[in-house]
Protein chains: 2
Amino acid sequence: MPKRVDHGERRGEIAEALVRVAGRRGLHAVGMRDVAAEAGVSLRLVQYYFETKEKLLLFGLEYLAERFGERVAARVRAAGPSPGPRATVEALLMAALPVDEESRTFHLLYTSYAVLSVHDRTLAAQPFIRNPDAAEEVVSELLRRAHESDRLASGLDPRLEAAGLLAMSAGLGTSILVGQRTPESAAEVLTHHLDRIFGARDGDTCAHDTSAHDA
Amino acid sequence: MPKRVDHGERRGEIAEALVRVAGRRGLHAVGMRDVAAEAGVSLRLVQYYFETKEKLLLFGLEYLAERFGERVAARVRAAGPSPGPRATVEALLMAALPVDEESRTFHLLYTSYAVLSVHDRTLAAQPFIRNPDAAEEVVSELLRRAHESDRLASGLDPRLEAAGLLAMSAGLGTSILVGQRTPESAAEVLTHHLDRIFGARDGDTCAHDTSAHDA
DNA sequence: GATTTCGTGGTACGAACGTACCATGATGAT
DNA sequence: ATCATCATGGTACGTTCGTACCACGAAATC
């Protein structure tokens with residue numbers, strides 16, 4: 001046999017090219033030729049490693065979700081050794097906010113895929129719809145743990161609060177994306193809401209400044 | 001002069017056709033010919049009333065926002081005569097959730113436009129980006145009024161709470177849209193959050209049942 | 001050394017899309 | 001009655017896109 005190329009690696013490079021060009025020009029404006037040019041390969045090669053555009057897009061979504069999952073996990077780990085529930089949740093949600101180019105791209109493409117999935121059965125069946133469910137499970141569990149150690153505000157349903165928290169975070173992310181809100185004001189809204197969910201009394205590794213508190 | 005047709009009315013009909021077909025097949029899959037067929041006119045007529053596709057899409061967005069604004073306003077009015085702040089806010093947010101076909105379409109298309117606006121300067125300059133700002137102003141003002149009449153939970157910043165509330169509502173809407181959450185569970189999350197913002201003690205014209213309260 | 005198979009390139013084809021062009025009733029002003 | 005003008009239809013053009021087809025070099029197996 002000839003050259004023996006690692007298909008997985010090559011597919012990853014092409015998928016990354018897809019994500020880059022889609023983040024730059026929008027997913028709707030991305031064609032096979034654009035991806036090929038961005039990856040520095042010929043159109044034929046993109047066809048070779050992904051038979052069809054649909055499969056390329058599907059793999060791109062996988063790739064995107066995986067990369068972003070790693071990012072969030074890294075940010076949570078960076079929150080310090082054995083952080084409290086509050087710090088963990090805060091790191092999780094803050095890492096998901098579109099503040100830099102990478103997270104902006106993720107938010108944009110994820111939303112694009114979500115919109116497409118409404119009328120595309122193949123996309124709708126993709127696990128990216130289970131990803132938020134997993135996140136909700138994690139946050140819910142963290143809140144439950146905080147509740148048991150009595151670090152939660154009184155009478156809160158961890159499951160409902162987790163759902164609300166994630167929805168708010170996603171909504172704030174979209175607001176940032178379209179330029180309606182600055183990352184700072186979004187973070188402020190989120191922090192205040194966390195203050196109310198948790199007692200807002202414990203330090204808990206978290207450090208948000210009380211200065212500069214206006215609109 | 002000949003026939004004299006009301007351009008505004010005709011443009012409205014075509015825009016409605018655009019919204020219908022876009023809601024059915026997705027905004028990305030809509031072409032001039034589809035809109036023409038849906039409106040029951042020739043392709044040439046769509047060109048005649050909207051010179052270009054871009055202008056058609058722009059007008060479609062206007063049309064969409066206007067229609068939905070009216071819908072929300074109607075729902076708020078239907079909340080009863082001189083409703084309290086809680087009932088008003090609740091009616092507002094609940095009316096925005098994608099529970100029926102009309103609101104589903106609105107959410108879907110609004111999100112589609114938002115995604116497009118990230119890389120389209122003309123769309124980004126459109127007033128639909130100011131619409132959420134207006135909503136935030138309204139909710140913020142309602143919360144402020146509730147705060148002054150002491151019907152708000154202690155120590156809440158109306159502006160921040162309004163922002164968080166709308167972001168959560170939007171996020172929940174997206175969750176419903178992609179099928180991750182049922183309208184009922186989303187409403188439950190929203191209601192609980194409202195319970196915590198308001199004292200959860202006043203009847204305030206609102207009636208949410210305390211039965212059937214599980215997942 | 002011959003051959004089979006993998007990786008790669010170039011290119012062509014058919015479809016769809018937005019837009020432009022040309023034509024033609026119908027109607028109100030002159 | 002004539003004519004300019006509005007509304008409308010049909011259609012053709014150029015482009016772009018996804019996909020299919022054909023060709024060739026290189027390397028590992030026999």
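Reminder, nothing fancy here: chain letters follow the sequence lines and each chain counts from 1.
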Student: Need to verify one output field. Residue with the more 5' nearest nucleotide on DNA chain D, A/Glu54 or B/His7?
Tutor: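 Nearer the 5' end of the strand: B/His7.
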Student: Grab the OH-C1' distance between B/Tyr48 and C/dT24 for me, whole Å please.
Tutor: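 Result: 14 Å.
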Student: Roughly how many Å is it from CG in B/Asp6 to C1' in D/dC6, rounded to a whole number?
Tutor: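 Checked: the CG to C1' distance equals 14 Å.
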Student: When you check the gap from the basic side-chain N to the acidic O, do A/Arg144 and A/Glu141 get nearer than 4.0 Å?
Tutor: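 A salt bridge is present here (some side-chain N lies under 4.0 Å from a carboxylate O).
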Student: Can you tell me if the side-chain N/O atoms of B/Thr52 get under 4.0 Å from OP1 or OP2 in C/dT19?
Tutor: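 Result: yes.
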Student: Report the distance from atom CD of A/Glu51 to atom P of C/dC6, rounded to the nearest whole Å.
Tutor: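 After rounding, the reported distance stands at 13 Å.
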Student: Of the listed nucleotides (C/dG18, C/dG7, D/dT8), which one gets closest to any side-chain atom of B/Arg10?
Tutor: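 Nucleotide nearest to B/Arg10's side chain: D/dT8.
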Student: Would you tell me whether B/Asp120 and B/Ser117 have side-chain atoms, one donor and one acceptor, within less than 3.5 Å of each other?
Tutor: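 B/Ser117 and B/Asp120 do not have a side-chain donor-acceptor pair below 3.5 Å.
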Student: Please report the distance, rounded to the nearest Å, between CG in B/Leu45 and C1' in D/dT11.
Tutor: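 These atoms are roughly 15 Å apart.
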Student: Walk me through it: do A/Arg159 and B/Glu188 pass the test salt bridge (Lys or Arg N to Asp or Glu O under 4.0 Å)?
Tutor: CA-CA 11 Å; A/Arg159 181 141 207 105; B/Glu188 190 187 1; over 6 Å; no
Student: Side chain of A/Arg44 only, please: which of C/dG10, D/dT19, D/dT8 is the nearest?
Tutor: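 Within the option list, the nearest is C/dG10.
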Student: Could you tell me the separation between the CZ atom of A/Arg11 and the P atom of C/dG7, rounded to a whole number of Å?
Tutor: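 In whole Å, C/dG7 P lies 13 Å from A/Arg11 CZ.
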Student: Atom CE of A/Met32 and atom C1' of C/dG10: how far apart are they, to the nearest Å?
Tutor: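 Computing the A/Met32:CE to C/dG10:C1' distance gives 15 Å.
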Student: So which nucleotide from D/dT19, C/dT8, D/dT8 ends up closest to the side chain of A/Tyr49?
Tutor: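 Looking only at side-chain atoms, A/Tyr49 lies closest to C/dT8.
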Student: Is a side-chain donor or acceptor of A/Ser169 paired with a backbone partner of A/Leu165 at a separation under 3.5 angstrom?
Tutor: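 Not confirmed, A/Ser169 side chain does not pair with A/Leu165 backbone.
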Student: Is A/Phe50 touching bases, backbone alone, or none of the nucleic acid, heavy atoms closer than 4.0 Å?
Tutor: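 The residue A/Phe50 makes no contact with any strand.
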Student: Measure CG/A/Asp34 against P/D/dC17 and give the value in whole Å, please.
Tutor: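 Atom CG in A/Asp34 sits about 6 Å away from atom P in D/dC17.
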Student: For A/Leu43 and C/dG9, what is the distance between atoms CG and P respectively, to the nearest whole Å?
Tutor: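 A/Leu43 atom CG is separated from C/dG9 atom P by 11 Å.
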Student: Of the candidate nucleotides D/dG9, C/dA12, C/dA20, which contains the atom at the shortest distance from the side chain of A/Arg33?
Tutor: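 Nearest nucleotide to the side chain: C/dA12.
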Student: Show me the side-chain donor-acceptor pairs of residues 8-25 of chain B shorter than 3.5 Å, one per line, residues at least two apart or across chains.
Tutor:
residue: B/Arg11; atom: NH1; partner: B/Tyr49; partner atom: O; Å: 2.8
residue: B/Glu16; atom: OE1; partner: B/Tyr63; partner atom: OH; Å: 3.1
residue: B/Glu16; atom: OE2; partner: B/Arg20; partner atom: NH1; Å: 3.0
residue: B/Arg20; atom: NE; partner: B/Glu38; partner atom: OE2; Å: 2.8
residue: B/Arg24; atom: NH2; partner: B/Glu38; partner atom: OE1; Å: 2.8
residue: B/Arg24; atom: NH2; partner: B/Glu38; partner atom: OE2; Å: 2.9
residue: B/Arg25; atom: NH2; partner: B/Asp34; partner atom: OD1; Å: 3.3

